[in-house]
Structures are given as structure tokens and as C-alpha cells.
Amino acid sequence: MSTATAPTAVHSGRPADNAEGGARRPIMSHRQILLVIYGLMAGMFLSALDQTVVGTAIRTIGDDLHGLDQQAWVTTAYLITSTIATPIYGKLSDLFGRRPLYIFGIVVFIAGSLLSSFSTSMLMLAGFRAIQGIGAGALMSLPLAIMGDILAPRERAKYQGYFLAVFGISSVIGPLIGGLFSGAHQILFISGWRWVFLVNVPIGIAALLMVLAFLHLPKVGEKRSPRIDWWGATSVVVTLAPLLLVAEQGRTWGWGSGLAIACYAIGLAGLVSFLVAETRMKDDAIIPLKLFRSGTFSMATLLGFLVGFAMFGAMLTIPLYLQIVTGLTPTESGFATLPMIGGLMIASIVSGQIVSRTGRYRIFPIIGTAFTAIGFLVLTFMTIDRPLWFLMIGMFFIGLGLGQLMQTITLASQNSVSPRDMGVATSSSTFFRQIGGTLGTAVLLSVLFSLMPTNIVHAMADKHDLTSALDAAVTPQVATASKNAGVMKQIWNPIVKPIKSQVQSGLDKGTTAAKQAADAAVTKQVTAAVAQQVAAGTLPASAQATVIAQQVATAKPAAEAAALTTAASQAHASVVNGALAVNWSDASQREYYVGKVVPTLVKQLDKGTSSGNSSSASSTSDTSFLNGADARLTRPFMSGFNASAVSIYWVGLGVVLLAFILSLFFKVPPLRQHSALQEQANTGEEAGLPAEPAPAVPGAGSPAGATTTPTQRQ
């Protein structure tokens, strides 16, 4: 049943009196609002679950497709398309309604998920994730716009618990599903990690059915002839795509290379054309420039950009850190991020209740950026020896900060514009936050994998760690263990084999020298003895040479053996098959040669001339060799990754501190007393325009005394 035809203002859930003293009825009943929220929750669950599942499984996917160092492509492609699509969805939803675009987004998201499951390389997966991102643009921005449409800002705290429940549930079961799929070799004859994307298909269909059944909004406000900003949409693509491309590939091309400069130039040309197009389109622009006349909107946009840069870019390293450095399984790493989710939910609920009761929210961007900065500061102190709970403390503070930031920045953006621009303002706010996140992801992950080879080499140059690792690498029992085959091949064999070859070469020279010395001594001794016999007349002179040769040949083996035994003792080696050789299973011999080699190796590593340098660089594309390997062998890699991740956390801290300083100057408008739809309905009533109430939905019911009218679906 529909609500009464007379639109009313809503404040704190109670109908307000109109100017004539009569009571206006709400444009939507509580039951209708709940049904709309159910539809939104279905789409949000699909999007939130995908992010947690993919984030947990990305290392397994990267290892299987031999392209972990190309992870940024997979993430960036998704963020590029979702970022570009976000403002387009916002503007089109203002023109054609939120519901059809939300449905379109879910359908495209399902199609992208299905295609992603057929990927055979990281670049192919990136392409299909880009299709997913086109659909995700609707799932990210439209729920916020719809909430702004149907609920007054102070009313939203009543309903945000539903969304937090969805977010919390997806955060809990997402890592479990991601870990289950990525940890399975095959499920129904399909590689386990491919189910990370296939699972979106049934969930997406269920979400689509819920949206079709429940997501119905009334049509209010003035009727406008739609003008679609095609030039603006094209300019957004031309501006962002090359800049994000160079952010990802700059480390490979060179930041000042010809390709990079071409991307800069194309992006700049796109930006100029975008500004021209938006100026000419005025109110019909995808991102109307008039929005930036509001200091509140401009500051909220800047804060959103900075928060997105730090959050998306730096936080994507945490699942990798938990699996590579801490050694957790994909499932365990997902659950290990629950402190951040818990902090986010606590902060969201508490801040929402405070906003609902007091109507004040300026303090939350300040406190939120402060807590987030504290979290990143904690992460900068991470080492591979620190316990997991230390990392969890940092994640918890980041969650506390983000829980206060995301909601209040959106509130400020929505309250700084007129109700008719609610969609475009919400999508624009989300758009710039996504730009920050996309740039943060591309730049910071690019920096991460650029720093890793160098940091791994530097970590190997640590004398203590190198001594321990090299000792393990030359121990036959360790080197030949099946669990260490990968790490030996990737890192240590290129180092150990030349070392063993050089050591053996030296011992071979020692073997030759010892035998030659023994032979010379035997020959001299025998010759002297035989000469004495000849002189005494006991041996004919004609037999002297023959006797000397016979006696020398007889005495040589014993003399050489004695000489080799003495040489072996001096060389800290053993005699094997008549030659000097190191018994690498012998701890004393191994310790001697490791101690002798390490100082030279450290100098080579410091200069970057070690043969292990290239192997360390290539090992960043596939880290599966770390699984179950001896900790002594993997420690240099772990230390190098830790140093790279900490560099990212320092960047995140700097960006958040800048946001904190700016938040001190953030002036926010008072919260609206009514929802956007209600304000447009009231405006239309004053202008004599009819309102089209929400359509009838089975089970929705209607307020007591309400009259029913035919309705039109949106």
C-alpha cells in the first residue's frame, strides 16, 4: 500500500505540522523505508563480500598466475572503472532514477565476476575486474545517495545498524570464504581460487531479485528534460586512465620516460577538456563545478581524497603482510583484520548515535583523522619479530578513525548542496575518495614492489641474518628438504652454488699442492736412501733408477694420505676419495667457511653486485616458495618485505596527518531536518506540483488513516 498522497515533512520520525496547522503525512512509511534498505543491503553485501574475499585470496591468485608483483593491475583496473563510473551513475540517477541504474550495476557486476573466473593471467584478470568495477560504481555510490534521499541526516543513525550488520557479516565470512576457496586445489573440478569470483554469481542473482522486489522510491520534485554530459564522461576517462596507467607502470617505464611524459600530457589535456565541458554543461554536468563554490563541499572532497589515498593504498598491504611476514593462511589473515572491522563498527555506531542525538558532527573528522594517524604510526614500528597483537592494535585504531570519517564526510557533502543535487553530490564525494584510493593503490603498491628487491638485498646484507641463513642454505639436510626447494631455487641456490664452487676450487688447489709436496718429499727421501746403498756397494748403480721408482710408487699413497690429513685439518675440511672437500654436514667446517664467506658477501650485497640480486627481484612475482620454508632461509625476504611495507605506512601517516591539519579548518553546515525527497516534495507542494508516492509493495502496509492512490514505479 502507498502512503497518503499529501507529502509531509519528517523530523525525528514524527510528522511535523504544516503552515496551516494541519499534520502532513510522511512521503514514505517506516515499513517502506525498511524495504528499500533491504534492497540496498543486498547490493552492498555483494560488493563488500567481494572485496574481503578477493583481498584474502589475492596472494594465492597472484602466485598461481605467476604475477603477484602485478597485483596492482588487478586492484587498479577495478578501481579505475568503478571510480570513473561513480559520477556518471550519480548524475544519471538524478535524471532517470536510482533504481534502474542500481539494477544495471548489479547485472554488470555479476557478468564481470563470471568472466574473472576464466582468467589465465593477471592481466586478463585485471581486464575482467575492470568490467566488475563498472558495476561496482553503482554499488558504491547509489546506496549513499538513496539513503540521503529517504532519510533526514539525524534519522540515519537509526538505520545505519542494518548496513553495519551487512558490512560486519561480510567482513567475518568473507575471509573464511576467500581462505576456503584459495586454499582448495579444486572444487568441482575447478581451481579453488576461481570460486572467489564464481560465488558472486548466485549471491548477485539473489541481490538482484531483492532489489527488484523491494527497491521502490517515490518520484518528487520538478520534471526536467535530461541532458547527458557525454563530453564530460569522455573527458573523465581521458584524464584518469593515462595518469593511473603511469602510476602503475612508472617504475617499469621510468617516471621521466617518453611513455610516462605522453601519459602526463594526455591526462592534462583531458583535464582541460573536462573543465571546459563541465563549464558549458552547467547544472547538467557530471560533476557540476558550482558544487565547489561551497567551501564545505570542497574541503570534504579534499579530505575524502586524502583519506582514500592513505586507506586504500596502505591498507591493501596488510593482507599481504599478514600472509607473507606473519605467516598466516589466507583464512587466518582475513580473521586477523577483524580488529579493524570492530573498530570501524564501534566508531560508526557511536558517532552515528551522537550525531542523531546532538546534530553535531564537526568534531568527528578531527578525531577520525587523529585515530587513523595513530594507527599508521603504530604500523611504522612493525618488525618481523613483533607479535601479531601489535599489528592488530594499529588496525584497531585505523578502524576507529575510518568509522568516524566516512560517514561524516558524506554528511557534510550532502548537506552542502540542494536536494535536487543529492545524487551528483554524493557520487562526486565518492568519486574523489575513489580517485584518492585508486591513486593510492597504484602508486603505493608500485612503490612497494619497486622497493622490495632492493630491500631484500639490503636485508640479506645484515651480517647476523646472512650468517644464519647461509649456514642453513649450505646444510645438506636443510637445502634438500622438499619444503625448502622453492626458497633455495628462488634465492639461495644462485648464491650457494658459486660459493661452494669457489671453496671447492680452492680445496682442489690445496689437494694438488699437498700431493705434490708429499710426492716431492718421498722422492727426495727415497733417492737419498738409495744413493747411500749404491755408495755402500749394496746396490748396483745400474739398478738405482729402477729401485727409486719402485720405492717412490710404494711410499706415495701413504705419504699423500698423511699430507692430505694434515692439509684437511689446516683447511677445516675432510678427505673424500683422495681429495680435500668440505663436509657441509659438519657444523665446525660449515661454520668456518660461512664465517669466511659472509664478510665478502656482505660487501657485494651492499654494492648490489651479488648474483643473488636478480633472483631476489624475480622472486616478488611468486611468493609461494615461502610457504612452510625454514625461517632462517626466508628471514631476509621477510625483512625486505617488512621494510617496504613500513615505507608505505610512513607515506600513509604523512597523508593522514595532512588530512588532520585540514580538518581543523573544516566548517560544516547544520544538518537538514528532512530527507531530500521530503524537501523536494514539500517544495513541489508549495509550487502546486503533484507528488508521486512510493509504489505499493506487498506487505509494506500503510499508516492508519492513509488513503491509497495508483502509483508509478521508479
Side-chain angles (χ1 to χ4, degrees), residues 51 55 71-73 75-84 86-87 133 136-137 140-141 236 239-248 250-251 255 267 271 297-321 340 344 365-366 368-377 379-380 394-395 397-399 401-406 408-410 412-413 428-451 644-663 666:
Q51 293 182 42
Q71 176 198 340
W73 274 113
T75 307
T76 304
Y78 179 88
L79 290 177
I80 286 176
T81 53
S82 62
T83 298
I84 293 173
T86 292
M140 291 176 182
S141 62
V236 168
T239 301
L240 290 180
L243 295 180
L244 295 171
L245 180 63
V246 74
E248 161 59 22
R251 65 190 173 104
W255 302 105
L271 178 60
F297 182 85
S298 298
M299 181 63 79
T301 298
L302 180 57
L303 289 175
F305 175 86
L306 294 175
V307 170
F309 186 97
M311 178 181 70
F312 283 95
M315 296 309 297
L316 278 173
T317 63
I318 286 184
L320 289 175
Y321 191 98
M340 183 173 66
L344 190 148
I366 299 174
T369 50
F371 274 118
T372 306
I374 292 173
F376 277 112
L377 181 62
L379 295 183
T380 61
M395 289 191 288
F397 274 104
I398 290 175
L402 295 178
Q404 300 173 67
L405 282 170
M406 311 311 290
T408 52
I409 290 176
T410 301
S413 298
S428 297
S429 176
T430 305
F431 169 68
F432 285 103
R433 185 168 66 244
Q434 287 294 110
I435 288 179
T438 306
L439 285 175
T441 299
V443 172
L444 295 182
L445 285 183
S446 180
V447 171
L448 174 71
F449 286 106
S450 295
L451 293 175
S644 303
V646 167
S647 299
I648 300 303
Y649 299 144
W650 275 113
V651 175
L653 175 61
V655 172
V656 173
L657 286 176
L658 176 59
F660 171 74
I661 295 173
L662 293 175
S663 68
F666 189 26

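Note that this is a predicted model, so its numbers are computed, not measured.
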Identify the heavy atoms of [X] and [Y] that sit nearest to each other, and give their distance.
X: Ser663; Y: Thr369; result: OG-OG1, 3.6 Å
X: Ile398; Y: Gly375; result: CG1-CA, 3.7 Å
X: Thr81; Y: Gly133; result: OG1-CA, 3.2 Å
X: Val656; Y: Ala310; result: CG2-CB, 3.5 Å
X: Phe297; Y: Ser428; result: CZ-CB, 3.8 Å

inquiry  = My understanding is that only residues two or more places apart in sequence, or in another chain, count here; which of them pass ring-ring contact (aromatic ring centres under 6.0 Å, His included) with Phe432?
reply    =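 By the ring-ring contact (aromatic ring centres under 6.0 Å, His included) rule, Phe432 matches Phe292.
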
Any residue meeting ring-ring contact (aromatic ring centres under 6.0 Å, His included) with Phe660, in chain and number order, not counting sequence neighbours =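 Phe660 satisfies ring-ring contact (aromatic ring centres under 6.0 Å, His included) with no other residue.
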
Partner set under side chain to side chain contact (heavy atoms under 4.5 Å, CB included) for [X], not counting sequence neighbours:
X: Ser429; value: Ile409, Ser413, Arg433
X: Leu377; value: Thr380, Phe381, Leu653
X: Phe305; value: Ile435, Leu439

To the nearest 0.5 Å, tell me how far [X] [atom1] sits from [Y] [atom2].
X: Leu444; Y: Ser647; atom1: CG; atom2: OG; answer: 10.5 Å
X: Leu662; Y: Ile366; atom1: CG; atom2: CD1; answer: 11.5 Å
X: Thr372; Y: Leu402; atom1: OG1; atom2: CG; answer: 4.5 Å

request  = State which residues pass side-chain hydrogen bond (donor to acceptor under 3.5 Å, both in side chains) with Thr408; sequence neighbours excluded, sorted by chain then number.
outcome  =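 If we apply the side-chain hydrogen bond (donor to acceptor under 3.5 Å, both in side chains) test to Thr408, skipping adjacent residues, there are no hits.
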
query = What residues, two or more places apart in sequence or in another chain, satisfy side-chain hydrogen bond (donor to acceptor under 3.5 Å, both in side chains) together with Tyr78?
reply =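 Residues passing side-chain hydrogen bond (donor to acceptor under 3.5 Å, both in side chains) with Tyr78: none at all.
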
message = Please check this pair: side chain of Thr86 against backbone of Phe431, looking for a donor-acceptor N/O pair closer than 3.5 Å.
response =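 No, because the side chain of Thr86 does not come within donor-acceptor range (under 3.5 Å) of the backbone of Phe431.
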
task = Check the angle between the aromatic planes of Phe371 and Phe397 and answer parallel, tilted or perpendicular using the 30° and 60° thresholds.
result =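 Parallel: the ring planes of Phe371 and Phe397 meet at under 30°.
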
request  = Apply side-chain contact (heavy atoms from CB on, under 4.5 Å) to Phe309 and Val651, showing your working.
outcome  = CA-CA 10 Å; Phe309 186 97; Val651 175; 4.2 Å; yes

